[in-house]
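As structure tokens, the structure follows; a few thoughts come after it.
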Amino acid sequence: MSGSNSTVSIRVASSLRRHSKRPKMSSLSTLLLLNYKPPPIPPSRFFLLPSPTLQKPPPPPLLLLLPNHLRRKPRLSRPVAALPDAMSAQGALSEALALIQSAPPTWKSAVFSNLLIFVAGSPILVAGLSAYGIGAAFLLGTLTWRAFGPSGFLLVAAYFVIGTAATKVKMAQKEAQGVAEKRKGRRGPGSVIGSSAAGCVCAFLSIFGIGGKAFSHLWLLGFIASFCTKLSDTVSSEIGKAYGKTTYLVTTFKIVPRGTEGAVSLEGTIAGIVVSVLLALASFLLGQIKAPEAVICVVASQIANLGESIIGAAFQEKEGFRWLNNDAVNIINISMGSILAVLMQQVIVPNL
């Protein structure tokens, strides 16, 4: 009996040793988890598996959640190195615009603005001015911008464009009659200075603050009146040469040929008044002067033009007055228009 029990014990022990070498499985679920292999993720579709742990997994990169055809890196239309150049160009443009719009105007902004405008308007300038005339006009434009800003410059530009157009009217006919301006109407520095001397004086007086704030508006009024006067004189003379049927000497009212110094015509006189009104009206609309002052500019310009015609008929090209050429007469003409406008403003406007 005892021998049999020992034999059973040996067999049980041997069986236990054999079973201890095998992996112990607590349940079927444990076995399934050990042998589980997740299926491969398709390349074009993505989904998130639930986490077996309690901690939330970090989100995958956004690029990995996109389909393959959207994973490509975007192509730049231009090299990245060009971006700093574009930014610098934009900054330079912003600085240029700020310089042009600077208020009050400075010498730097005046020179820069005139340079841009003269380059852009070079075809018109070449048609109406000689090379030295363009240089003189640049100085005039710079001075005007510094003193009265863009609105003052616009006034001078309008005078130049209208005056040049009137000079070119029927140029061939004027040349055939010997009454056309020299160089086919392209004016030199003497003509530019003679046409703008009074305006330049008013600009200098304004820049240096002569007379204080109380006189600053008077210098602007004198400036506007001088160009109303000169434009009226230029247009009346050129239109009178082109379309005037009958021209009269202003001192005797005798009929004289076209182009005679001191001669006037009905057609030219009407054209001169019209352009003077337009220029004064433009100054009023730009807010430079009041309505009564615009009327003063027109009246002063016509009085000055009448005086210029009398001076031309009585003294120009006469013995002892050889120095009284067209440029000198122009300076007298615009100076009269400017001074008359300032005096009339002091008498009339304060009483309105």
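Heads up: numbering here begins at 1 and tracks the sequence. Computed from a predicted model, the values in this text were never measured in an experiment.
- Closest of all the heavy-atom pairs between A300 and M344 is CB-SD, 4.3 Å.
- Contact check for S236 versus T269: no side-chain heavy atoms found under the 4.5 Å cut-off.
- At least one side-chain heavy atom of C297 sits less than 4.5 Å from a side-chain heavy atom of L221.
- No more than 12 heavy atoms of other residues, nucleotides or ligands lie within 6.0 Å of OH in Y248, so this atom counts as exposed by the packing criterion.
- A pairwise comparison of heavy atoms in L140 and C200 identifies CD1-SG, 3.5 Å as the closest pair.
- Of all heavy-atom pairs between A137 and L129, the closest is CB-CD1, 3.7 Å.
- Other residues, nucleotides and ligands contribute only 12 or fewer heavy atoms inside 6.0 Å of the NZ atom of K290.
- With sequence neighbours left out, S232 forms a side chain to side chain contact (heavy atoms under 4.5 Å, CB included) with S276, Q302, N305.
- Residue pairs meeting the salt bridge (Lys or Arg N to Asp or Glu O under 4.0 Å) criterion with at least one member in residues 250-264, sequence neighbours excluded, do not occur.
- Rounding to the nearest 0.5 Å gives a distance of 9.5 Å between CG of L286 and CG of L281.
- Contact record, L143 with F204: CD2-CE1, 3.6 Å, taken as the closest heavy-atom pair.
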Might you work through the side chain to side chain contact (heavy atoms under 4.5 Å, CB included) test for V275 and Y159, ending with a clear yes or no? CA-CA 9 Å; V275 295; Y159 152 75; over 6 Å; no
Pair L324-I332, side chain to side chain contact (heavy atoms under 4.5 Å, CB included): steps then yes or no: CA-CA 10 Å; L324 197 62; I332 296 173; 4.0 Å; yes
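- Under the ring pair (Phe, Tyr, Trp, His ring centres under 6.0 Å) criterion, F321 pairs with F315, not counting sequence neighbours.
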Which is it for C202 and S226 under the side chain to side chain contact (heavy atoms under 4.5 Å, CB included) test, yes or no, and what are the steps along the way? CA-CA 9 Å; C202 292; S226 70; 5.9 Å; no
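- Screening E181, Q177, Q173 against K241 for a side chain to side chain contact (heavy atoms under 4.5 Å, CB included) leaves a single residue, E181.
- Judged by distance alone, the side chain of S237 and the main-chain N or O of D233 form no donor-acceptor pair under 3.5 Å.
- Taking every heavy atom of both residues into account, W145 and P150 meet most closely at CZ2-CG, 3.6 Å.
- The cluster map of Ile, Leu, Val, Met, Phe, Trp and Tyr, joined by side-chain heavy atoms under 4.5 Å apart, puts I273 and I239 in different clusters.
- Ring geometry for F223 versus F148: interplanar angle of 30 to 60°, hence tilted.
- Here N114 contributes atom CG and R146 contributes atom CZ; the two are 13.0 Å apart, rounded to the nearest 0.5 Å.
- Remark: L115 CG to T142 OG1 distance equals 9.0 Å, nearest 0.5 Å.
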Under the criterion side chain to side chain donor-acceptor pair (under 3.5 Å), I'd like the reasoning laid out for E293 against H217: C-alpha separation, chi angles, the key distance, then a yes or no. CA-CA 11 Å; E293 293 172 334; H217 184 69; 2.9 Å; yes
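- Enclosure of atom CD1 in I124 is not indicated, since only 12 or fewer non-hydrogen atoms of other residues, nucleotides or ligands lie within 6.0 angstrom.
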Report the C-alpha separation of K230 and N330 in whole Å, then their side-chain angles, then the decisive distance to 0.1 Å, and conclude whether the side chain to side chain donor-acceptor pair (under 3.5 Å) test is met. CA-CA 8 Å; K230 184 52 191 166; N330 285 336; 2.8 Å; yes
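- Residues W107 and I207 are in side-chain contact: their nearest non-hydrogen atoms beyond the backbone lie under 4.5 Å apart.
- Hydrophobic cluster membership is shared by I134 and V111, with clusters built from Ile, Leu, Val, Met, Phe, Trp and Tyr side chains linked at under 4.5 angstrom.
- No continuous path of hydrophobic side-chain contacts links L139 to F112 [ILVMFWY only; heavy atoms under 4.5 Å].
- By the rule that hydrophobic residues join a cluster once side-chain heavy atoms approach within less than 4.5 Å of another member, L249 and L266 end up as members of separate clusters.
- Listed by chain and residue number, nothing satisfies the side chain to side chain donor-acceptor pair (under 3.5 Å) test with E308 (two or more places apart in sequence, or in another chain).
- Residues I331 and D327 form no side-chain contact, since every pair of their non-hydrogen atoms from C-beta on lies 4.5 Å or further apart.
- The structure places CD1 of I224 at 4.0 Å from OG of S283, a figure rounded to the nearest 0.5 Å.
- For R187, the side chain to side chain donor-acceptor pair (under 3.5 Å) partners at least two apart in sequence or on another chain are T167.
- Of the possible polar contacts, none joining the S195 side chain to the V192 backbone as a donor-acceptor pair under 3.5 Å is found.
- Formation of a donor-acceptor pair under 3.5 Å by the S196 side chain with backbone atoms of G199 is not found in this model.
- Annotation: the span from T229 atom OG1 to L340 atom CG amounts to 8.0 Å, rounded to 0.5 Å.
- Under a hydrophobic clustering in which Ile, Leu, Val, Met, Phe, Trp and Tyr are joined whenever their side-chain heavy atoms come within less than 4.5 Å, directly or via other members, I348 and V299 fall into the same cluster.
- Take T106 and apply the side chain to side chain donor-acceptor pair (under 3.5 Å) test, not counting sequence neighbours, and it matches S109.
- Listed here is the closest heavy atom pair of S309 and V264: OG-CG1, 3.9 Å.
- Contact annotation: the side chain of L205 never approaches that of F215 to less than 4.5 Å [non-hydrogen atoms, C-beta and beyond].
- Between L231 atom CG and I334 atom CD1 the span is 12.5 Å, to the nearest 0.5 Å.
- No donor-acceptor pair closer than 3.5 Å links the side chain of S206 to the backbone N or O of A203.
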